[in-house]
Engineer: 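Below is the structure I would like to discuss, written out as structure tokens.
Every chain is numbered from 1, with letters handed out A, B, ... down the list of sequences.
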2 protein chains.
Amino acid sequence: MELSDDAPIVTTPGVAPAGGTLAERLFHQLFEAILQGELAPGSKISEPLLAQKYSVSRGPLREALHRLQERHLITRSANHGSRVAEATPASLSELFKVREMLESLAAREAALNCTAEDLMTLQSMVDLHEARILGTAPERQTGLSSVDRDFHFLIAQRSNNPFLIRLLCHELYPLLRLYRSKYRNTDYRKRALLEHRRILGALEDKDPDMAEMMMRRHIAGARERRLETMGDDGSAQPKRRAKRADVQR
Amino acid sequence: MELSDDAPIVTTPGVAPAGGTLAERLFHQLFEAILQGELAPGSKISEPLLAQKYSVSRGPLREALHRLQERHLITRSANHGSRVAEATPASLSELFKVREMLESLAAREAALNCTAEDLMTLQSMVDLHEARILGTAPERQTGLSSVDRDFHFLIAQRSNNPFLIRLLCHELYPLLRLYRSKYRNTDYRKRALLEHRRILGALEDKDPDMAEMMMRRHIAGARERRLETMGDDGSAQPKRRAKRADVQR
DNA sequence: ATCGTAAAATCTGTTGACAGAATCGCGCTG
DNA sequence: CAGCGCGATTCTGTCAACAGATTTTACGAT
């Protein structure tokens, strides 16, 4: 049974983990718990408590923690334990700069690889996006940005570049989710819709250069708007956390 | 004691691991062993044997293995054990495409961040590069491409973007080393030297757009030449890049 | 009352042992 | 001689216990 990496972690939020091994399952559960905000960012992780909470011994738990460390969802200090990663404005800006390059590459490749069916799927996503903005379709809880996510996610997949897919879907997108609750971007959905249409048009034209440029501008614009709404530009850290969130229980 | 991530793994090959914890040390040792080729790519990893070889129990070893899994230096299957990652031509091409985007971003940022001292350091690297090509300086064993590595490494550092630095120095560069022995690129050092000079010139001019474009061409060219010497091209789309309209901002 | 110090409690790092699964080897059968 | 089944062995996954380090707590001195 392959369980190496490309398991359905980010693919669709509703998938069941259910990995064969216990450490694997724990990894996915903690992964989601951190991104969902159930484990407070910056809070200390107590191995005995977590082990008890998930009804496992510390062995598999520590293996899962070591994997989360490599995904930079937690930090570990020798003999001091683990802490859940924190989200700073500076790192959000850095993430977006990298995202700009990687997604524009994905768009370039996708322009060559997208099938007619893929284009139809993307079209329906954009249509749904519009329907939601106009209030025609009901907005489910998670539905606010989910259609946006799916759009970018499918393009990443169609890059047909496993390494790129991994960086985007398994590393960058999850980290972005850390900021979702903390720094909400104000309403630029109409803007995003327009830009999505342009990107889709470039994909339909099978124009890699155009698709790349469109995506690059799309992400760059999103980054700038996001940073504006956050008040401070990402260069300097905003304000040292007054008090640190305490251990979760 | 912080030992989270930015430990000297790729920085300079000769650093001592000596992490505080045993699992940490093991991780670094195995990391180097795999990249050095001491653990044959594709070979199966026996936990009892490795544990005995490094004189530790299986606990810390498994923790280190789980970290290596996230770095994609090994693959794990439930109840089937671990295998050392393998290097295929296709994945090399994929790596280079991502590298092209990430390093061009790094060059862009470095153009804004490089100090006069940095520029002097880079200049000396280029000079050393030339001396080696002309045979003026002795070529040490590892010295063949080390100067090239240092050049790119310093530029990555000067991006001042921790996330980008991590992707390049901790993930992409190590994976590239997997191919170093398997697919040697024939002699393009003179070409590389010229392109390095151009990149350095753009950095000296504090010209982000130019630095980005130069680096992008540099990596793209290296990828094409590399794939040519490998006989088979690693991807489906061979040479549809007669000339490419670089995206500018 | 505050600060410093020492003992107690807790936590992390590590080890060894056990249970289930997979692989290997051997003998049997066609 | 090839293919298959079955037992033995090895390996992976998991757990509980120990040792060193750290944090907390209690106590006494200033």
Engineer: Find the distance A/Leu22:CG to C/dC18:P and express it as a whole number of Å.
Structural biologist: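 After rounding, the reported distance stands at 21 Å.
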Engineer: Looking at A/Thr21, does any N or O in its side chain come under 4.0 Å of the phosphate oxygens OP1/OP2 on D/dT14?
Structural biologist: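 Yes, within the criterion.
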Engineer: Quick check on contacts: within residues 53-63 of chain B, what sits under 4.0 Å from DNA chain D by heavy-atom distance?
Structural biologist: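 Under 4.0 Å from DNA chain D: B/Arg58, B/Arg62.
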Engineer: Where the side chain of B/His80 is concerned, which of D/dG13, C/dC11, C/dA22 is the nearest nucleotide?
Structural biologist: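 That would be C/dA22.
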Engineer: What is the distance, rounded to the nearest whole Å, between atom CD of A/Gln52 and atom P of D/dA16?
Structural biologist: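 The answer, rounded to whole Å, is 12 Å.
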Engineer: What are the two closest heavy atoms between A/Ile219 and A/His152, and how far apart are they?
Structural biologist: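 Closest heavy-atom pair between A/Ile219 and A/His152: CD1-CE1, 3.9 Å.
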Engineer: Would you indicate whether B/Gln52, at its atom CD, is surrounded by more than 12 heavy atoms from other residues, nucleotides or ligands within a distance under 6.0 Å?
Structural biologist: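 No, the 6.0 Å shell around CD holds no more than 12 heavy atoms from other groups.
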Engineer: Can you see if the side chain of A/Lys44 gets near the phosphate of D/dT22 - specifically, an N or O under 4.0 Å from OP1 or OP2?
Structural biologist: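 It does not, given that no N or O in the side chain of A/Lys44 lies less than 4.0 Å from OP1 or OP2 of D/dT22.
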Engineer: Could you pull out the closest heavy-atom pair between A/His72 and A/Ala85, with the gap in Å?
Structural biologist: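 Smallest heavy-atom distance, with atoms named: O-CB, 3.6 Å.
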Engineer: With the side chain counted from C-beta on, respond yes when A/Tyr173 and A/Arg99 share a heavy-atom pair under 4.5 Å apart, and no when they do not.
Structural biologist: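 Result yes, sub-4.5 Å side-chain heavy-atom pair found.
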Engineer: Between B/Asn79 (CG) and C/dC24 (C1'), how many Å, whole number?
Structural biologist: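 Rounded to whole Å, this separation is 17 Å.
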Engineer: The helix from C/dA1-D/dT30 to C/dG30-D/dC1: angle between its terminal axes, five pairs each, to 10°?
Structural biologist: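 Axis angle across the helix from C/dA1-D/dT30 to C/dG30-D/dC1, nearest 10°: 10°.
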Engineer: Taking CG from A/Leu49 and P from D/dT23, how many angstroms apart are they, rounded to a whole number?
Structural biologist: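 So the CG-P distance, A/Leu49 to D/dT23, works out to 17 Å.
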Engineer: In whole angstroms, how far is the P atom of D/dT22 from the CZ atom of A/Arg76?
Structural biologist: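 Computing the A/Arg76:CZ to D/dT22:P distance gives 15 Å.
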Engineer: Would you please name every residue forming a salt bridge (Lys or Arg N to Asp or Glu O under 4.0 Å) with A/Glu63, sequence neighbours left out?
Structural biologist: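 For A/Glu63 the salt bridge (Lys or Arg N to Asp or Glu O under 4.0 Å) partners, ignoring immediate neighbours, are B/Arg62.
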Engineer: What integer distance in Å separates B/Glu47:CD from C/dG16:C1'?
Structural biologist: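 Computing the B/Glu47:CD to C/dG16:C1' distance gives 15 Å.
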Engineer: Checking B/Ser104 now: which residues fulfil side-chain hydrogen bond (donor to acceptor under 3.5 Å, both in side chains) with it, not counting sequence neighbours?
Structural biologist: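 For B/Ser104, no residue satisfies side-chain hydrogen bond (donor to acceptor under 3.5 Å, both in side chains) once neighbours in sequence are set aside.
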Engineer: Tell me the interatomic distance from B/Leu26, atom CG, to C/dG13, atom P, rounded to whole angstroms.
Structural biologist: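 Checked: the CG to P distance equals 14 Å.
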Engineer: So, using ring pair (Phe, Tyr, Trp, His ring centres under 6.0 Å) as the criterion, who are the partners of B/Phe163 when residues are at least two apart?
Structural biologist: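 Once residues adjacent in sequence are excluded, B/Phe163 has no partner under the ring pair (Phe, Tyr, Trp, His ring centres under 6.0 Å) criterion.
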Engineer: How many whole angstroms separate atom CG of B/Leu50 from atom C1' of D/dT12?
Structural biologist: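 Computing the B/Leu50:CG to D/dT12:C1' distance gives 14 Å.
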Engineer: Any chance you could measure A/Leu175, atom CG, to A/Leu35, atom CG, to the nearest 0.5 Å?
Structural biologist: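 Spacing of CG (A/Leu175) from CG (A/Leu35) equals 8.0 Å.
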Engineer: Under the salt bridge (Lys or Arg N to Asp or Glu O under 4.0 Å) rule, collect the residues that match up with B/Arg83, sequence neighbours excluded.
Structural biologist: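 Checked B/Arg83 against salt bridge (Lys or Arg N to Asp or Glu O under 4.0 Å); zero matches.
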